[in-house]
**Q** 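Quick one: this structure, given as structure tokens, is what I'll be asking you about.
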Amino acid sequence: MKIYNTLTRKKEEFQPREAGKIGIYVCGMTVYDYCHIGHARVMVVFDTVARYFRYKGYKLTYVRNITDIDDKIINRANENGEDFTALTQRFIDAMHEDEQALSVLPPDVEPRATQSIPSIIAMIETLIVKGLAYVGTNGDVFYSVNKFKPYGKLSGKNLADLQAGERVNVDFAKQDPVDFVLWKMAKPGEPYWESPWGNGRPGWHIECSAMSTCCLGNHFDIHGGGMDLQFPHHENEIAQSEGATGETFVNVWMHNGFVRVDNEKMSKSLGNFFTVREVLKQYQPEVIRFFILQSHYRSPLNYSDEQLNDAKAGLTRLYTALRGVEINDAALEDEYKKRFEQAMEDDFNTPVALSILFDLAKELNIAKKEGNQERIKMVAITLKYLGGLLGVLFYGPEDFLKQEITGGGELRLPLPSVSGDGTAVTFIDKQIQARVDAKKSKNWALADQIRDELKQQGVILEDKPDGTTTWRRE
RNA sequence: GGCUGAGUAGCAAAAUGGUUAUGCAGCGGCCUGCAAAGCCGUCUACACCGGUUCGAUUCCGGUCUCAGCCUCCA
């Protein structure tokens, strides 16, 4: 199993610290707004990683935190005139709904910053005792970056460059502009927790150090998150954790690439983001997941309708191949399974893994054409099984192909119903029957008219060799 | 300016020192009443310039372009 390690800038053979066991920590959401497709990518990517480790038999502990206190949350709650806990709870619930829609399995532990205050305070105290942190002139507690020699090892930066490139906004409370805050004093009216340094709240970076070591130990296997967290967030985490414990913090750092819109990073500040629930009005949730899996997790991923439509077309091809095939517990096609594993074990190469699914679909179509029942069963079960490892292809083919996207705005959870609008389905069936009759009397004009009318409504008819007709949505 | 990373055919996206990626789209054929789906065949590549090599899209150096980080960000 090879994984690209940001720390060493190369693919390395992955060795768990303890045979058969893996601890992984992923930086999750700051919950003050809905998840956008960029957040969805992190969720789907690391869900896929977690699924694969489990499939390989590792005992995995997957931790993904929730940042439920910070300046943006406080500001947003003030704007809304609501308590910040009401705000965060609402968006935590929304996030869980989005995850479920995308077939992202819940992490094993989902610690929240506000519920980890004691361990955060303990870690800051240790840092102060070790001389790595100090109380600034404004009462905030800062990390003394210069005292941590390896600072910059993850992001390839060095302190001299950082100091040279300082922004004009110098904070006079700090001893050094590169220092960062560990504990922030509360202003009047702000939420706070008691601490040895006064009432306040944790800085952003310290929560992840505290929560990860708390859940996984001082030294664990994998730490993940978006590329943009590399610096300063993860760099600071290393400084805090290794500074406090004196141990190596993390063996492997994994960072996923961004989702882009028009060649630009999708982000809140640029305002060019699409929320998961927005996109779900137009596409099935599995299409979004498939879209994400179609590129390697470290590559940029361009968001566009064209790309989503592409993903949909690809998924449709796979489901079409599975159509009408009974999935039972036949043996797996070993050759394809092996190729699939090879792809996944090369730094989670999901585009190649998906290409193997397409190869299987072609095999399946050929077997169907030849009427080779044995082969059909074997290839179909393999396709469905390998798809399942990626968190796709778990619907019934008819469910997927006939699912209607209502666009009503409600969140679409998994398990779509084919006949959410039963009357539509009844109508389609009636029209198909009328067309069968027209065909029997060789009234091609009427038959074509019926087909065209349904097509206009997004329903595609397909005549089968045995004289029956099936349909699917466009 | 400093530090990362990337540039592959119409679009998207992988691998690879010499041999088919894959999906969508196109073209020809089979199938079909005609379609759709499917199958068979087929056309568009490796940013540019040098170097290493018997041979480079793949390794090395340089150029150009793009993106990201250096401020909150997944």
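Keep in mind that this is a model prediction, so the values were computed, not measured. Residue numbers start from 1 in every chain, and the chains themselves are labelled A, B, ... in the order their sequence lines are given, proteins ahead of strands. In what follows, every heavy atom counts, from backbone to side chain, and hydrogens, waters and symmetry copies are set aside.
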**Q** Identify which one of A:Phe84, A:Tyr32, A:Tyr34 satisfies the ring pair (Phe, Tyr, Trp, His ring centres under 6.0 Å) criterion when paired with A:Phe91.
**A** A:Tyr34

**Q** Taking for each residue the nucleotide of RNA chain B bearing the nearest heavy atom, is the 5' side occupied by A:Met227 or by A:Asp310?
**A**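 By nearest-heavy-atom nucleotide position, the 5'-most residue is A:Asp310.
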
**Q** Are A:Asp70 and A:Arg76 close enough for a salt bridge, meaning some N to O gap below 4.0 Å?
**A** no

**Q** So if I take every side-chain heavy atom of A:Phe358 and compare against B:rC40, B:rA67, B:rG23, which nucleotide ends up nearest?
**A** B:rG23

**Q** From the set B:rC40, B:rA74, B:rA13, return the single nucleotide nearest to any side-chain atom of A:Met266.
**A** B:rA74

**Q** Determine: side-chain N/O of A:Lys442 to OP1/OP2 of B:rC34, distance under 4.0 Å, yes or no.
**A**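 No.
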
**Q** Verify whether the ring centers belonging to A:Tyr303 and A:Phe273 lie closer than 6.0 Å.
**A** no

**Q** With a 4.0 Å cut-off, would you call A:Lys153 and A:Glu242 a salt bridge?
**A**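 Looking at A:Glu242 together with A:Lys153, the answer is yes, because their closest N to O distance falls below 4.0 Å.
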
**Q** Classify the nucleic acid contact of A:Gly156 as base, sugar-phosphate or nothing, counting any heavy atom under 4.0 Å across all strands shown.
**A** sugar-phosphate

**Q** By the 4.0 Å heavy-atom rule, please label A:Ser299 as base, sugar-phosphate, or nothing.
**A** sugar-phosphate

**Q** Grab the CD-C1' distance between A:Glu462 and B:rA35 for me, whole Å please.
**A** 10 Å

**Q** Between A:Leu301 and A:Tyr4, which has a closest nucleotide on RNA chain B that is more 5'?
**A**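 The answer here is A:Tyr4.
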
**Q** Using only modelled atom types and a 3.5 angstrom limit, is any donor from either the side chain of A:Asn158 or the base of B:rG2 paired with an acceptor on the other?
**A**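 Between B:rG2 and A:Asn158, which were checked side chain against base, a qualifying N/O pair under 3.5 Å is absent.
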
**Q** Let me know the distance between NE2 of A:His233 and C1' of B:rG68, rounded to the nearest Å.
**A**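 Between C1' of B:rG68 and NE2 of A:His233: 17 Å.
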
**Q** Tell me whether the side-chain N or O atoms of A:Arg41 pair up with the base of B:rA74 as donor and acceptor below 3.5 Å, since no angle test is needed here.
**A** no

**Q** Identify whether any heavy atom of A:Arg472 sits under 4.0 Å from a base atom; if not, whether one sits that close to sugar-phosphate; answer base, sugar-phosphate or nothing.
**A**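 Contact class for A:Arg472: sugar-phosphate only.
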
**Q** Determine: side-chain N/O of A:Lys368 to OP1/OP2 of B:rC39, distance under 4.0 Å, yes or no.
**A**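 So the side chain of A:Lys368 is outside the cut-off, no N or O lying under 4.0 Å from OP1 or OP2 of B:rC39.
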
**Q** Which whole-number value in Å describes the distance from A:Lys312 NZ to B:rA37 P?
**A** 13 Å

**Q** Would you call A:Arg451-A:Asp448 a salt bridge at under 4.0 Å N-O?
**A**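 A salt bridge is present here (some side-chain N lies under 4.0 Å from a carboxylate O).
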
**Q** Would you mind telling me which of B:rA74, B:rC3, B:rC39 lies closest to the side-chain atoms of A:Lys369?
**A**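 Comparing B:rA74, B:rC3, B:rC39 against the side chain of A:Lys369, the answer is B:rC39.
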
**Q** A:Phe148 vs A:Tyr151 aromatic rings, parallel, tilted or perpendicular, using cut-offs 30° and 60°?
**A**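 Taking A:Tyr151 first and then A:Phe148, their aromatic rings stand perpendicular (interplane angle over 60°).
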
**Q** Partner lookup for B:rA56, please. Criteria are Watson-Crick or G-U wobble with both distances under 3.5 angstrom; report none if nothing qualifies.
**A** none

**Q** Give the rounded distance in Å between these two atoms: CG of A:Asn302 and C1' of B:rC66.
**A** 12 Å

**Q** Need one value for A:Phe231: base, sugar-phosphate or nothing, where a base atom within 4.0 Å counts as base even if backbone is also close, heavy atoms only.
**A** sugar-phosphate

**Q** I want to check one thing: is the phosphate of B:rC73, taken as OP1 and OP2, less than 4.0 Å away from some side-chain N or O of A:Trp204?
**A** yes

**Q** Please determine whether a side-chain nitrogen of the Lys or Arg among A:Asp33 and A:Lys72 lies less than 4.0 Å from a carboxylate oxygen of the Asp or Glu.
**A**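 No, this pair does not count.
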
**Q** When the P atoms of B:rU4 and B:rA9 are considered, how many whole Å apart are they?
**A** 27 Å

**Q** Are the ring centres of A:Phe180 and A:Phe142 closer than 6.0 Å?
**A** no

**Q** With a 4.0 Å cut-off on heavy atoms, is A:Thr320 in touch with a base, just the backbone sugar-phosphate, or nothing at all?
**A**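 Sugar-phosphate contact only.
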
**Q** Indicate whether OP1 or OP2 belonging to B:rG38 is found under 4.0 Å from a side-chain N or O atom of A:Arg317.
**A**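 So the side-chain polar atoms of A:Arg317 do come within 4.0 Å of the phosphate oxygens OP1 or OP2 of B:rG38, strictly under.
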
**Q** Check for me whether the distance between the ring centres of A:Tyr25 and A:Tyr62 falls short of 6.0 Å.
**A**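 Centroid separation for A:Tyr25 and A:Tyr62: 6.0 Å or greater.
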
**Q** Can a donor-acceptor pair under 3.5 Å be found between the side-chain atoms of A:Lys157 and the base atoms of B:rC69?
**A** yes

**Q** Where the side chain of A:Ser269 is defined as all heavy atoms beyond and including C-beta, which of B:rA13, B:rC40, B:rC73 is the nearest nucleotide?
**A**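 In terms of side-chain proximity for A:Ser269, the closest of B:rA13, B:rC40, B:rC73 is B:rC73.
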
**Q** Taking the P atom in each of B:rG51 and B:rU42, what is the distance between them to the nearest angstrom?
**A**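 Their P atoms lie roughly 36 Å apart.
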
**Q** Please work out if A:Asp448 contacts a base, only the sugar-phosphate, or nothing of the nucleic acid, heavy-atom cut-off 4.0 Å.
**A**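 Result for A:Asp448 = base.
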
**Q** Expected output is a numbered-order residue list: members of residues 372-384 of chain A with a heavy atom under 4.0 Å from any atom of RNA chain B. What is it?
**A** none

